Q: 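This is the structure I have questions about; it appears just below.
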Amino acid sequence: MVEDSWGRKLAKWVSMSVALFAVPVWAQGYASYPAAQRLVDELVAEENFSRTELEVLLGKAQRQDSILEAISRPAEKTKPWHEYRDIFVTSARTSQGVTFYNNHSDSLRRAEQEYGVPAELIVAIIGVETRYGRNMGNYRVLDALATLAFDYPRRSAFFSKELKEFLLLSREQGLPATEFKGSYAGAMGYGQFISSSYRNYAVDFDGDGVADIWKNPVDAIGSVANYFFRHDWRSGETVASPAQAETGYRQELTNAGLKPVLTVADFIAAKIIPARVLPTDAMATAMEFEGKSGTELWLGLHNFYVITRYNHSAMYAMSVYQLSQEILARLP
């Protein structure tokens, strides 16, 4: 009876051991997913990666349910403008922005001269994104991008592309892919660049041979400025203007899209009147926001649209613009 029991236990242990060692360690993560295998195939064929190394790495990538929850409820879709604004355009964030500006004034002035992007706007982007480097994200970028590439079907194509870009970035930077930290969407550094943006727009602004937007605020400043420059920022042009709706204004022209398709003259004819003097031939878009005291009406011009290339949200762009103006007003 004792021998029979011991024999059954031994047989069970052998069975479990065979099952354990029959499956490679890397298969515990995402490496065995068909979509992951397709990505591996591409990187091996196109970029000369090692298949084994990629499979081991993707085996270490872990699904993060909190990422899937966060991406399904972005703030701009759940909050009215006045609540969204109160998150980003605050006295504390403005004061911190002034401090950041003063600490890096030489680099900011140089970025403004080289790229034509206002220093206060560069500061505001970094302020909205990470509180000037205080909150760059605590997710492993590998986990974030793998989770969204392989377990978020709605945007799997986009995040699969970003995961590919990230693995290229890791190789270029000479850093293990498991060491990068970022947001739930895989954005990194002071300015929260996604991997493709990092590879395309990050610059070595201090000349030390490395474009580092994680630890180097000077490189981050130059990289944000370069991003806007490469997206056709127009130096010296107005970003946005409050507007007033006259009786009978054409409300259907508001919130019609981020890209300007009508001129200021068109909006004036539609009884949407800018509060500032603007070139009548300038392209603009009209936006209504839910403010604390009622509807706010704005005209966003070309440079406002450029800000939305950083984040495709009118409320995001408006919060960056308004924070930049608050910072500018408090500079010595």
Side-chain angles (χ1 to χ4, degrees), residues 88-89 93-94 96-133 136 187-194 196-208 211-214 216-241 258-260 276 278-279 282-285 287 298-332:
F88 299 107
V89 188
R93 208 176 296 240
T94 301
Q96 292 164 358
V98 171
T99 299
F100 184 89
Y101 190 111
N102 291 332
N103 288 343
H104 303 287
S105 57
D106 290 345
S107 297
L108 286 161
R109 280 194 291 268
R110 182 161 61 89
E112 185 168 353
Q113 291 170 357
E114 291 187 18
Y115 296 106
V117 181
E120 67 272 11
L121 184 81
I122 299 169
V123 175
I125 283 284
I126 295 172
V128 166
E129 291 291 344
T130 63
R131 285 186 176 271
Y132 315 101
M136 298 190 202
M188 299 169 282
Y190 277 87
Q192 293 289 277
F193 277 20
I194 57 176
S196 58
S197 293
Y198 199 120
R199 297 187 69 225
N200 284 304
Y201 307 116
V203 296
D204 171 21
F205 203 51
D206 65 355
D208 67 354
D212 176 7
I213 64 171
W214 291 283
N216 190 333
V218 176
D219 284 357
I221 286 166
S223 298
V224 169
N226 183 49
Y227 185 97
F228 285 116
F229 173 77
R230 295 275 298 279
H231 283 80
D232 194 28
W233 183 271
R234 296 176 186 170
S235 180
E237 291 193 5
T238 301
V239 174
S241 170
L258 297 174
K259 189 171 184 178
R276 298 171 185 164
L278 301 174
M283 303 301 292
T285 186
M287 301 163 289
W298 286 79
L299 288 181
L301 284 80
H302 171 81
N303 282 346
F304 185 88
Y305 176 69
V306 174
I307 299 175
T308 69
R309 299 307 84 201
Y310 210 96
N311 182 312
H312 297 178
S313 161
M315 290 199 296
Y316 173 88
M318 185 59 71
S319 67
V320 167
Y321 171 64
Q322 292 192 7
L323 178 60
S324 75
Q325 298 309 289
E326 294 287 334
I327 291 169
L328 182 62
R330 288 175 57 175
L331 290 173

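What you see is a predicted model; the values in this text were computed from it and never measured.
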Q: Could you give all pairs that pass the side-chain hydrogen bond (donor to acceptor under 3.5 Å, both in side chains) test and reach residues 108-117, with sequence neighbours left out?
A: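 As it turns out, the side-chain hydrogen bond (donor to acceptor under 3.5 Å, both in side chains) pairs with a partner in residues 108-117, which skip direct neighbours, are D106-R109.
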
Q: Using every non-hydrogen atom in the two residues, find where V89 and L323 come nearest and quote the distance to one decimal.
A: CG2-N, 4.1 Å

Q: How long is the straight-line distance from OG of S313 back to CG of L258, given to the nearest 0.5 Å?
A: 7.5 Å

Q: Tell me whether N226 contacts the main-chain N or O of G222 through its side chain, where contact means a donor paired with an acceptor under 3.5 Å.
A: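 Judged by distance alone, no pair lies under 3.5 Å.
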
Q: Check the pair F100, Q96 against side chain to side chain contact (heavy atoms under 4.5 Å, CB included), reporting the backbone distance first and the verdict last.
A: CA-CA 6 Å; F100 184 89; Q96 292 164 358; over 6 Å; no

Q: Hey, are the side chains of P279 and T238 touching, using non-hydrogen atoms and a 4.5 Å cut-off?
A: no

Q: Determine whether L331 and V98 make a side-chain contact, defined as any pair of heavy atoms from C-beta on separated by less than 4.5 Å.
A: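 The answer is yes; the side chains approach within 4.5 Å.
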
Q: R234 versus V306: any side-chain heavy-atom pair under 4.5 Å?
A: no

Q: So which atom in A282 and which in L301 form the shortest heavy-atom distance, rounded to 0.1 Å?
A: CB-CD2, 3.9 Å

Q: Minimum heavy-atom separation for A240 to W298, with atom names?
A: CB-CE3, 4.0 Å

Q: Check whether any side-chain heavy atom of N216 sits under 4.5 Å from a side-chain heavy atom of D208, and report yes or no.
A: yes

Q: State the OH-OH distance between Y310 and Y201, to the nearest 0.5 angstrom.
A: 11.5 Å

Q: Testing I213, L121, I221 for side chain to side chain contact (heavy atoms under 4.5 Å, CB included) with I126, which one passes?
A: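 The option that passes is I221.
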
Q: How close do A202 and S223 get, heavy atom to heavy atom, and via which atoms?
A: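 Between these two residues, the closest heavy atoms are CA-OG, 3.3 Å.
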
Q: Is the Y316-F88 ring centre distance short of 6.0 angstrom?
A: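 No.
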
Q: Using a 4.5 Å cut-off on heavy atoms from C-beta on, say whether the side chain of Y190 contacts that of E129.
A: no

Q: Side-chain contact, heavy-atom cut-off 4.5 Å: F304 with M287?
A: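 Yes; the side chains approach each other to less than 4.5 Å.
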
Q: Distance from R309 atom CZ to D232 atom CG, nearest 0.5 Å?
A: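 R309 atom CZ to D232 atom CG measures 12.0 Å (nearest 0.5 Å).
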
Q: For residues I307 and W233, determine if any side-chain heavy atom of one lies less than 4.5 Å from a side-chain heavy atom of the other.
A: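 Side-chain contact under 4.5 Å: yes.
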
Q: Kindly compute the distance separating CG (N303) from CD (E237), expressed to the nearest 0.5 Å.
A: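 These two atoms lie 5.5 Å from each other.
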
Q: Rounded to the nearest 0.5 Å, how far apart are NE2 of H104 and OG1 of T99?
A: 10.0 Å

Q: Just how far is it from atom OH of Y132 to atom CD1 of I125, taken to the nearest 0.5 Å?
A: 10.5 Å

Q: Could you list the residues that satisfy side chain to side chain donor-acceptor pair (under 3.5 Å) with R330, not counting sequence neighbours?
A: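 Listed in chain order: S95.
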
Q: Is any side-chain heavy atom of M136 less than 4.5 Å from a side-chain heavy atom of Q192?
A: yes

Q: Can you name the nearest heavy-atom pair linking S241 to L278, along with the distance?
A: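 S241 and L278 have their closest heavy atoms at CB-CD1, 4.0 Å.
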
Q: Evaluate the ring planes of H231 and Y227, with Trp represented by its six-membered ring, and classify them as parallel (under 30°), tilted (30 to 60°) or perpendicular (over 60°).
A: parallel

Q: Work out which heavy atom in V117 is nearest to a heavy atom in A225; give both atom names and the distance.
A: CG2-O, 3.7 Å

